[in-house]
Amino acid sequence: VAQGEMISQILGKEKASLLGVPIGIFDVIVNGLQWVATTFKSGQFEDAAELARIGRYYALEDMLTTDPAERYGKMTLRAHYERIAKDGQEYDPYTSMFAGKPRKEELAQTKRD
């Protein structure tokens, strides 16, 4: 939620409409998909259950280091998003924010709104 609010703020948009859900929702989804996979012997639902398990893992595990010796670079996530909002960025599968280089007229209109 905090990252979504930060992106909304950087883009100068209204307060983000975000929905926080309990992590237990993953358990419901995984168990439901696994039940269907087992009951109907479905490989597709088995794959879906595994993807849900992977999603749960990445939702729970901290992807950032807290050890200063393991940190690289000087740019913060906020500075990275601000640069993308200002200059645009080509497709990068490792970021959650994509943007083409904005035109000056669009930026002026966005700031007026």
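What you see is a predicted model; the values in this text were computed from it and never measured.
A search for salt bridge (Lys or Arg N to Asp or Glu O under 4.0 Å) contacts involving Lys74 returns nothing, not counting sequence neighbours. Residues satisfying the side chain to side chain donor-acceptor pair (under 3.5 Å) criterion with Thr38, sequence neighbours excluded, are Gln34. Legend: residues meeting salt bridge (Lys or Arg N to Asp or Glu O under 4.0 Å) with Arg83, ordered by chain and number and at least two apart, are absent.
Pairs of residues two or more places apart, or lying in two chains, that qualify as salt bridge (Lys or Arg N to Asp or Glu O under 4.0 Å) and include a residue from residues 1-11 are Glu5-Lys15. The salt bridge (Lys or Arg N to Asp or Glu O under 4.0 Å) contacts involving residues 38-50 comprise Glu50-Arg53, where partners must be two or more places apart or lie in separate chains.
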Tell me which donor-acceptor pairs under 3.5 Å the side chains of residues 16-33 have, and how far apart each pair is, sequence neighbours excluded?
unit_1 : atom_1 : unit_2 : atom_2 : d
Asp27  : OD1    : Arg56  : NE     : 2.7
Asn31  : ND2    : Asp27  : O      : 3.1

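No path of Ile, Leu, Val, Met, Phe, Trp and Tyr side chains, each step under 4.5 Å between heavy atoms, connects Leu51 with Val36, placing them in separate hydrophobic clusters. Note: the hydrophobic cluster containing Phe45 also contains Phe40 (ILVMFWY, side chain heavy atoms under 4.5 Å, direct or indirect links).
Distance CD/Gln3 to CG/Leu77: 5.0 Å, rounded to 0.5 Å.
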